[in-house]
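Working notes, structure below.
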Amino acid sequence: MRRVHVRLREALRVTRESADRGGSAEDPARELLLFCHGFCSALDAHHTGDGRTLFPAIEAARRDLAPVLRALQQDHSMIGHLLGGLEAAVSSRSSPEVLARHLEGIAAIMESHFRYEERQLLTVLEGLALDADPGEALGTL
């Protein structure tokens, strides 16, 4: 989980750098669209894997973590909404300032979410016998 989070943080960093280089030129806009699509897809796949595979396995093993898992799922919904806003802003070729605001919001929620998830679940995952492909459970990058 931690490795996936590190890679997603890196993908967000690259996406933000692309937005910072933005402007009205065609190439930076295309580059940002590519990075945004890759980042958004990777983050969505990670959250889909959490909800479909990882969280049910954790809840089956540790019923006491059900409230934590629900809070994490709520974060997933919020992040999904923010990603949709970013994708719409990129597709409509919004200004670099608008894109930066979208990315800043995603970064803030994502970082808070990842830290909470790691604090609550990393030790649980170390002892969890998960009968699933790690790429399916955590998302592939």
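Quick note: numbers below take in every heavy atom, side chains included, and nothing from hydrogens, waters or symmetry partners.
Among all heavy-atom pairs drawn from Gly105 and Leu82, the shortest one is O-CD1, 4.0 Å. The shortest non-hydrogen separation linking Ser92 to Ala89 is OG-O, 3.3 Å.
Side chain of Ser112 to main chain of Ala108: no donor-acceptor pair is present (N/O by atom type, distance under 3.5 Å, no hydrogens or angles).
Rounding to the nearest 0.5 Å places CD1 of Ile79 at 8.5 Å from CD1 of Ile106. The structure places CZ of Arg115 at 11.0 Å from CE of Met110, a figure rounded to the nearest 0.5 Å.
Residues Phe55 and Leu65 have side chains not in contact (no heavy-atom distance under 4.5 Å, counting atoms from C-beta outward). Between Val68 and Ile58 the shortest side-chain heavy-atom distance does not fall below 4.5 Å.
A search for ring pair (Phe, Tyr, Trp, His ring centres under 6.0 Å) contacts involving His113 returns His47, His76, not counting sequence neighbours. With sequence neighbours excluded, the residues satisfying side chain to side chain contact (heavy atoms under 4.5 Å, CB included) with Ala107 are Leu12, Arg16. Legend: residues meeting side chain to side chain donor-acceptor pair (under 3.5 Å) with Thr123, ordered by chain and number and at least two apart, are absent. Shown here are the side chain to side chain donor-acceptor pair (under 3.5 Å) partners of Glu118, two or more places apart in sequence or in another chain: His5. Here Arg62 pairs with Asp64 under the salt bridge (charged side-chain N to carboxylate O under 4.0 Å, His left out) rule; sequence neighbours left out. The salt bridge (charged side-chain N to carboxylate O under 4.0 Å, His left out) check on Glu10 picks up Arg13, with sequence neighbours excluded.
The ring pair (Phe, Tyr, Trp, His ring centres under 6.0 Å) pairs that include a residue from residues 85-108 number zero, where partners must be two or more places apart or lie in different chains. Residue pairs meeting the ring pair (Phe, Tyr, Trp, His ring centres under 6.0 Å) criterion with at least one member in residues 80-99: none, sequence neighbours excluded. Judged as a salt bridge (charged side-chain N to carboxylate O under 4.0 Å, His left out), the pairs with a partner in residues 67-79 (not counting sequence neighbours) are, in order, Glu59-Arg70.
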Item to check | Arg101 and Glu97: CA distance, side-chain angles, deciding distance, salt bridge (charged side-chain N to carboxylate O under 4.0 Å, His left out) verdict | outcome: CA-CA 6 Å; Arg101 282 195 303 270; Glu97 295 79 23; over 6 Å; no
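Following chains of ILVMFWY side-chain contacts shorter than 4.5 Å, one cannot reach Val98 starting from Val90, and the two form parts of different hydrophobic clusters. A continuous path of hydrophobic side-chain contacts links Leu72 to Val124 [ILVMFWY only; heavy atoms under 4.5 Å].
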